[in-house]
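This report concerns only the one structure given below.
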Amino acid sequence: KLSHQKMARVVLLAAVAAASAAAAPLAPAVGSRSTDPANPHLRVVIQERGLQLLSSEVVPLANAALAKLAAEGKLKVNDIGLIVDTHKVGIGRVMVNLSNIVITSLQVADNGTQLALLDPGNGTGIARVGIDLTGLEVAITAEFRWKDVGGIIKASDHGTVDITASRGTCDIDLTLGPNGPKQPAISSTVSLDLPQFDYKFHGKVSWIYNLLGSALHGLIKKEVESAIQKAVLEFTNNKLPAMVDAAPTVVKVGGGKSTVDLGVQVGAFYEHAITPLALSTGVSMTLADAADPNHVTPCNLTALPLPALAPRAGDAMVQILLSDSLPGCLSWVFYANGLFDVPPTAFGTTSLPWGLILPPLKAKYPDQPVAVALTPTYPPAITSSRDAGLVGSAGFHLNMSVNSSGKLTYTDTLRVEADFGIAVSVQSHPNGANATLVGNVSTLNLTATVVDSAIGPLPDAGLKLFASLLEVTVRGLINKKLEGGIPITPPGGLLRNATVFTEDGYVTVAADFYKLIGAAAG
């Protein structure tokens with residue numbers, strides 16, 4: 001069963017595959033692996049309005065991370081010592097030392113974050129994102145000690161000082177790029193400026209403190225900025241890449257013996273110097289059999305190229321483009337593994353319902369139990385097109401036998417062809433929570449023909465009646481499989497204005513959001 005968190009990681013990896021998984025699972029033996037990572041199965045696009053809203057959500061996350069560093073005492077500043085020339089006030093030279101300098105609080109203003117794309121359209125597959133933090137407020141405590149080392153009046157003092165830095169800015173230039181078989185490589189540079197410092201000394205000789213604060217300003221500014229910059233770089237260049245590398249790269253679809261692993265690899269990033277400005281990335285998928293990962297056969301379906309931007313999504317904050325080759329390959333894996341085969345199963349008697357459908361069966365074997373077995377004739381196919389929507393087809397042989405005291409006697413084989421359409425939409429709670437991609441059968445047409453008969457000719461009228469009765473059952477089975485849907489937002493995310501478009505070779509989900517990651521934004 002696909003978890004909510006994992007779906008946040010890959011969003012819509014198997015949005016329409018549920019319709020293909022209704023049969024009883026058997027032990028799988030075959031997997032599928034994409035052979036063209038440059039032609040992704042999934043593309044995620046965040047447009048300019050989405051980046052702007054994400055900016056406000058970054059603030060509480062950044063403040064929480066900074067507060068944690070401060071609370072753990074990890075924002076320590078090097079000790080500072082200098083000689084201050086105080087002849088103008090009649091003292092001479094004063095030796096000043098600051099020690100145990102600790103940043104106790106570090107916060108960004110509520111509206112003080114802005115995300116922006118840098119160098120759009122560079123075509124290198126590497127994205128540069130600017131994260132501008134403004135309204136930076138820093139609280140610092142330290143111990144001070146000073147003494148006159150050359151003046152007329154021999155004086156000294158010691159105590160503590162509270163330092164407040166304000167109106168600060170921190171500009172982070174974050175680079176994202178493809179990293180071979182790993183998740184994207186992340187690196188950054190940081191530029192920090194704290195222009196305003198205020199001091200409150202706690203000591204005996206108060207008249208000299210303004211002079212000390214002015215003398216210390218340059219050194220304190222340099223050391224504090226260096227400590228904060230080092231902490232930010234430690235997170236962006238070490239901890240953040242480690243978190244990304246540790247993120248799951250395999251998502252499981254299905255359950256039990258029918259589990260299929262989906263491997264996720266983020267490919268090149270694309271920035272678009274068009275309106276609206278957008279950042280997108282392609283995600284290359286692999287499919288492998290979870291029970292036998294070493295037994296892999298390439299799926300013969302080729303994904304059509306996904307465009308950089310969805311043509312009908314407008315300026316939606318987020319776009320998710322899902323190739324129809326993914327559910328097609330999943331279907332192929334299940335087919336190759338025999339997961340759609342149904343062994344002989346009791347299904348009525350020769351009198352009811354089969355006496356009405358196939359009178360020759362009732363005539364030759366009156367009042368006998370009937371067993372049917374299903375064997376697919378090809379992998380169920382699901383394709384997307386702009387004109388026809390999401391459509392699928394499936395074919396199978398229905399082999400019939402009568403069960404006489406536990407002995408099966410073959411009677412006939414019918415070929416059933418199913419053509420169906422699936423209407424896909426996004427449902428959520430009124431506030432936008434728990435957004436889920438759901439589907440239901442919009443059209444269904446079944447036809448039945450005779451492949452072989454050991455009981456003589458079978459009437460066409462009976463086959464039509466059989467197809468019409470089976471249609472109701474098949475529709476119900478597919479809808480039952482689709483009704484649970486696939487969650488498309490991370491926990492706590494709030495979507496709005498979600499729309500689904502079917503295009504030639506892929507499906508697009510376009511939506512805005514009130515909230516995606518951190519605290520609610522507007």
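No experiment lies behind these values; they were computed from the predicted model shown.
- For the pair Arg312 (side chain) and Thr502 (backbone), a donor-acceptor distance under 3.5 Å is present.
- A donor-acceptor pair under 3.5 Å is absent between the side-chain atoms of Ser187 and the main chain of Asn237, judged by distance alone.
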**Report entry** From CA spacing to verdict: side chain to side chain contact (heavy atoms under 4.5 Å, CB included), Val500, Leu437
**Finding:** CA-CA 9 Å; Val500 179; Leu437 190 69; 3.8 Å; yes
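- Side-chain atoms of Phe197 and Ile163, non-hydrogen and from C-beta on, do get closer than 4.5 Å to each other.
- Contact record, Ser99 with Asp79: CA-OD1, 3.4 Å, taken as the closest heavy-atom pair.
- A donor-acceptor pair is defined here as one N or O able to donate and one able to accept, closer than 3.5 Å; such a pair exists between the side chain of Thr104 and the backbone of Ala139.
- We find the CH2-CG distance between Trp146 and Leu82 to be 13.5 Å, quoted to the nearest 0.5 Å.
- Put simply, the side chain of Asn479 never gets that close to the backbone of Asn440: no donor and acceptor are under 3.5 Å apart.
- Side chain of Thr236 to backbone of Val232: a donor-acceptor contact under 3.5 angstrom is found.
- How far NZ of Lys76 is from CD1 of Ile103: 12.0 Å, rounded to the nearest 0.5 Å.
- Nearest heavy atom pair, residue Pro195 against residue Ser166, reads CD-O, 3.6 Å.
- Taking CG from Leu98 and CD1 from Ile220, the interatomic distance works out to 5.0 Å, rounded to the nearest 0.5 Å.
- Of the N and O atoms on the side chains of Asp315 and Gln47, not one donor lies less than 3.5 Å from an acceptor on the other residue.
- Residues that satisfy the salt bridge (charged side-chain N to carboxylate O under 4.0 Å, His left out) test with Arg167, not counting sequence neighbours, are absent from this structure.
- Side chain of Ser384 to backbone of Glu503: a donor-acceptor contact under 3.5 angstrom is found.
- Considering only heavy atoms from C-beta on, Tyr199 comes within 4.5 Å of His217 through its side chain.
- The main-chain N or O of Ser325 is found under 3.5 Å from a side-chain atom of Ser323 such that the two form a donor-acceptor pair.
- For the side chain to side chain contact (heavy atoms under 4.5 Å, CB included) with Cys170, the lone residue among Leu192, Leu194, Ile228, Asp193 that qualifies is Leu192.
- Looking at every heavy atom in both residues, Gly81 comes nearest to Leu219 through O-CD1, 4.5 Å.
- Evaluation of the side-chain contact (heavy atoms from CB on, under 4.5 Å) rule for Thr383 yields Asp324, Val391 as partners, not counting sequence neighbours.
- For the atom pair OG (Ser188) and CZ (Phe235), the distance works out to 10.0 Å, reported to the nearest 0.5 Å.
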Can you check side chain to side chain contact (heavy atoms under 4.5 Å, CB included) on Val108 and Thr134, steps first, answer last?
-> CA-CA 6 Å; Val108 179; Thr134 60; 5.8 Å; no
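- No more than 12 heavy atoms of other residues, nucleotides or ligands lie within 6.0 Å of NE2 in His158, so this atom counts as exposed by the packing criterion.
- Taking CG of Leu495 as the reference point, atom CG of Asp512 lies at 9.0 Å (rounded to 0.5 Å).
- Between Glu225 and Lys221 there is a salt bridge, since a side-chain N of the basic residue sits under 4.0 Å from a carboxylate O of the acidic one.
- Of all heavy-atom pairs between Ala142 and Ile101, the closest is CB-CG1, 3.8 Å.
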